[in-house]
Amino acid sequence: MLSSLISATLLGIAASASVHIPRDAPGAQPNIWPMPSKYSMGDTTVGVTSSATGFFTVTGTSPFLEQAFARYTSLTFPHATTSGKSLASGITSLAITVKSLDDSFPQLGDDESYTLDVPATGNPTLSAVTVYGVLRGLETFSQLVTFNFETETYEIQGAPWSITDAPRFPHRGLMIDTARHFETIASIKKMIDSLPYAKLNVLHWHMSDTQSYPLQVKSYPKLWNAAYSDVERYIQEDVADVVEYARLRGVRVMVEFDMPGHAGSWCTGYPEICPSTTCLQPLNVANNQTFAVIEALLMECTGGRASAPGNPSPGLFKDNFIHLGGDEVDTSCWSSTPSVAAWLKQQGMSPDDGYAYFVKRAADIAIAQGHRPVQWSEVFDHFQGKLNKQTIVHIWKSVTNVTSVVALGYDTLVNVGYDKLSWYLDNLNVMWDAVYMNEPCAGVPDNLCPKVLGGHGEMWGETVDASDIQQTVWPRLAAIAERLWSPRTVNSTTLAHTRIESFRCLLNRRGIAAAPVNNANARSSPGGPGGCLTQ
C-alpha cells in the first residue's frame, strides 16, 4: 500500500511550473484537489456501477443530503451510458454515516472532517460529524471515480483507499465585487457551484463601492439609486435566494459594505451623509444621520442578532461575520469641508481621530447586533491593541505584520495583495505557482497560527463581469484552496502541477470556464490546438 507520507526528498523538490512529475511516476500524487490531510492507497482497480438514484445512502431523513446526493450523482456519473456494459463485481453504493443531520446555516468552525474508505472488494463508506463534512467527502469520492471510455464503465483506481481529511484553516473563500461591475444572480450561483469543488466554504460579497450601490435597502430605499441601471440591482429576495443556495453547498455568505471610504455611491440617494456634493467620501463623520443609515442597513442584513443552530437570524445574511471595510480612507475631504472640519475641531479631533471614531462606531453597531466585524488592515494599523477583540483583522497590506496582529489576540484573515505571491486575482500576471507558495502563517509562530482563520482569493471587479469572471478566478483559486485546506507540508508546485492541470480539466467538464493552467496572464485563451491537460 502506497502511503501519503511522501518522502522529504519529493516534498523538497524546487517549485517550478515548468517541471512535471508524470502522472504514473513513483511518488506522484493522486488526482484529488485539494490534497487530503492523510491517505493511503493500493494498486487495485474496482468497478463502480452507476445509478440514477439510490447510490448514496444515509441513515435517517435529510432533505439537505438528498439534494446533495442528486448533485453528486450527476457530478460523479456524468456519462449516461446505454451500452449496458458493467463489471462482474464492484461498487454499487456509498454508505454514509453522519453524527448530526443539523443543516443550519454554516458558520465558522463547523466540523468539515470526514473519513472515506474504499476497499478492494465490497462497498465504500463515508463518515462525518456534520452534513458539511459529508459534502467534503462526497467531493473527494466524486474525484476518485473515473470513466473508462474503452469499456464505457466507471471505476476507481488505486483501491483500497483510506482517507482521513479535515481542513487546515476553517475560513476559505472567494471575494466577488458587484460594485465595479454588476454580477448577475445566475453568475453568482455558478461561482457558488464551483467553490465546493475545491472545498472552499466562504463567498465574501463586496456589495458596494464608490462606483455603484446595487442592493435594495427597505429602510433607506434611495440607496440603490446608485445602481448602474434599473436592471442591475438585487432585491432582497435575490439575496435570500443566493444565501440559501450557498447553504445547500456548505458555503457561508459574508457581505461587505466598505466604509467610510469607498462609499461615494451612497451619496446619490442620500447626499446629506456625505461631506458635500463635490467631495463625496469618506462618509460624513459629523452627521449622526450617517450612522442612522449604517445602523438600519446592518439591521436588515444581520436581523439584530447572531444566528444559532436551528435558529438563524431574521436578517438577509445568516453568517455571524459582517465586513465593514475601513481601507484606503483619505480624510482630506473632511478637512476641506467647513462643516465637517468645524465639527472635528469642536470634538477635539484631528481628521485621523475622526477616522478612528468612525470605524469604531461602525464596529460597535455590528457587535451590538450580535455580529463580529471584519475590517481591513488599516483599522488595526490605527488602533493596534486598542481594537475590540471581537474584530477580525483582514490583512491585505504587506506592511501589516501578521505575527503582531495575532500576538495581540486578534483573529485574522490573510490575503496580502499586489505582490509577487498575491491572492488578489486582479493581478493577472501572478501565475498559479506563485499563488500556491503564499503561506498564510509565514513567519508566524506555530502556537499563534490558529489565530489565522484563513483567507480568500479577492476578485476585484474593475475588469471582470459575468462574461469573464470564471476564467479569471479559476484555476488560480484552486491554488489558494489547497493552501488553505491541505497540510502545510503539501507545498511542492512540482508535485501539484499535474494535479492542478487535471483539476482544471475537471472544472471544464463540470461547466466551469477555468482558463489554461500555464497562462502567463490569467484568463487568456489557449495559445493553439491542444488537449486540456497540456495547456
Side-chain angles (χ1 to χ4, degrees), residues 56 62-76 101-108 110 112 130-139 142 171-178 181-207 214-216 231-256 300-303 307 309-323 456-457 459 461 464-466 469-470 473-474 477 481 507 510-514:
F56 301 107
S62 172
F64 178 98
L65 288 180
E66 290 300 326
Q67 292 186 59
F69 295 164
R71 292 195 306 275
Y72 273 98
T73 296
S74 298
L75 293 171
T76 308
L101 291 173
D102 176 57
D103 58 11
S104 301
F105 285 91
Q107 301 291 340
L108 178 77
D110 285 343
E112 296 175 274
T130 70
V131 293
Y132 300 113
V134 172
L135 294 186
R136 308 309 171 220
L138 288 173
E139 178 57 41
S142 74
H171 184 114
R172 310 173 307 280
L174 168 70
M175 186 210 74
I176 60 170
D177 173 3
T178 59
H181 279 96
F182 182 81
E183 294 288 345
T184 65
I185 295 298
S187 174
I188 294 171
K189 285 184 173 181
K190 194 66 174 178
M191 192 56 65
I192 291 171
D193 282 336
S194 71
L195 298 181
Y197 300 160
K199 298 186 174 71
L200 293 166
N201 66 351
V202 177
L203 180 74
H204 169 192
W205 191 343
H206 185 86
M207 181 67 73
L215 177 67
Q216 179 186 36
V231 300
E232 293 172 293
R233 292 172 166 177
Y234 306 110
I235 63 173
Q236 294 199 354
E237 288 78 3
D238 292 330
V239 171
D241 183 31
V242 167
V243 170
E244 172 63 7
Y245 192 87
R247 178 188 74 89
L248 293 172
R249 288 150 182 81
V251 174
R252 299 160 47 206
V253 181
M254 177 182 74
V255 70
E256 177 184 359
E300 292 192 27
C301 292
T302 69
S307 293
N311 187 20
S313 85
L316 283 174
F317 296 91
K318 310 303 181 181
D319 196 71
N320 289 334
F321 288 7
I322 190 162
H323 206 306
H456 309 145
M459 188 62 265
V464 297
D465 62 10
I469 187 170
Q470 292 181 31
V473 166
W474 296 107
L477 184 61
L507 291 174
R510 291 180 175 182
I512 304 301

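Each residue takes its place number in the sequence, starting with 1. Just so we're clear, the structure is a prediction, and the values are computed from it rather than from any experiment.
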Engineer: Using the benzene-type ring in the case of Trp, are the ring centres of F105 and F317 under 6.0 Å apart?
Structural biologist: no
Engineer: Rounded at 0.5 Å granularity, tell me how far CG in L108 sits from CE in M254.
Structural biologist: 10.5 Å
Engineer: Mind listing the closest non-hydrogen atom pair of A246 and V253 along with its distance?
Structural biologist: CB-CG2, 3.6 Å
Engineer: Rounded to the nearest 0.5 Å, how far apart are SG of C301 and CG of D319?
Structural biologist: 12.0 Å
Engineer: With a 4.5 Å cut-off on side-chain heavy atoms, are D177 and M459 touching?
Structural biologist: no
Engineer: Distance-only, no hydrogens or angles: does the S104 side chain make a donor-acceptor pair with backbone N or O of G310 under 3.5 Å?
Structural biologist: yes
Engineer: Roughly how far, to the nearest 0.5 Å, is the CG atom of L316 from the CG atom of L215?
Structural biologist: 6.5 Å
Engineer: Rounded to the nearest 0.5 Å, what's the gap from OG1 on T178 to CD on E256? Could you check?
Structural biologist: 10.0 Å
Engineer: Using modelled atom types and a 3.5 Å cut-off, is there a donor and acceptor pairing between side-chain atoms of S313 and backbone atoms of K318?
Structural biologist: no
Engineer: Determine, stepwise, if the pair R233 / D238 fulfils salt bridge (charged side-chain N to carboxylate O under 4.0 Å, His left out).
Structural biologist: CA-CA 9 Å; R233 292 172 166 177; D238 292 330; over 6 Å; no
Engineer: When rounded to the nearest 0.5 angstrom, what distance separates OG1 in T130 from CG in L135?
Structural biologist: 8.0 Å
Engineer: Could you tell me whether Y234 and W205 have their ring centroids closer than 6.0 angstrom?
Structural biologist: yes
Engineer: Holding to side-chain hydrogen bond (donor to acceptor under 3.5 Å, both in side chains), I want the full list of residues that pass it with H456, two or more places apart in sequence or in another chain.
Structural biologist: H171, H204, E458
Engineer: Can you see which heavy atom on A198 is nearest to which on A481, and at what distance?
Structural biologist: O-CB, 3.5 Å
Engineer: Do you know which two heavy atoms are closest between L195 and V202, and how far apart they sit?
Structural biologist: CD1-O, 3.9 Å
Engineer: Sequence neighbours left out, cut at 3.5 Å: what donor-acceptor pairs do the side chains of residues 67-75 make with other protein atoms?
Structural biologist:
unit_1: R71; atom_1: NH2; unit_2: L248; atom_2: O; d: 2.9
unit_1: Y72; atom_1: OH; unit_2: E139; atom_2: OE1; d: 2.6
unit_1: T73; atom_1: OG1; unit_2: F69; atom_2: O; d: 2.7

Engineer: Only counting residues at least two apart or in another chain, list the ones meeting side-chain hydrogen bond (donor to acceptor under 3.5 Å, both in side chains) with R136.
Structural biologist: E112
Engineer: Using a strict threshold of under 4.0 Å (side-chain N to carboxylate O), is an ion pair present between K189 and D241?
Structural biologist: yes
Engineer: Kindly give the heavy-atom pair with the smallest separation between G511 and Q470, and that separation in Å.
Structural biologist: O-OE1, 3.8 Å
Engineer: List in chain and number order the residues that pass ring pair (Phe, Tyr, Trp, His ring centres under 6.0 Å) with H206, two or more places apart in sequence or in another chain; answer none if no residue qualifies.
Structural biologist: W460
Engineer: Kindly determine whether Y132 and N201 satisfy side chain to side chain contact (heavy atoms under 4.5 Å, CB included), including the steps that lead there.
Structural biologist: CA-CA 10 Å; Y132 300 113; N201 66 351; over 6 Å; no
Engineer: Out of L174, L200, V242, V243, which one pairs with I192 under the side chain to side chain contact (heavy atoms under 4.5 Å, CB included) rule?
Structural biologist: V242
Engineer: Not counting sequence neighbours, which residues clear side-chain hydrogen bond (donor to acceptor under 3.5 Å, both in side chains) with R249? List them please.
Structural biologist: D193, Y245
Engineer: How close do V251 and P196 get, counting heavy atoms only, and between which atoms?
Structural biologist: CG2-CG, 4.2 Å
Engineer: So do Y197 and W474 actually touch side chain to side chain, heavy atoms under 4.5 Å?
Structural biologist: no
Engineer: Atom CD1 of I469 and atom CE of M191: how far apart are they, to the nearest 0.5 Å?
Structural biologist: 4.5 Å
Engineer: Could you list the residues that satisfy side-chain hydrogen bond (donor to acceptor under 3.5 Å, both in side chains) with E244, not counting sequence neighbours?
Structural biologist: R247
Engineer: Which heavy atom of I512 sits nearest a heavy atom of S194, and at what distance?
Structural biologist: CD1-CB, 3.8 Å
Engineer: Counting distance only, does the side-chain N/O of Q236 pair as donor-acceptor with the main-chain N or O of Q216 below 3.5 Å?
Structural biologist: yes
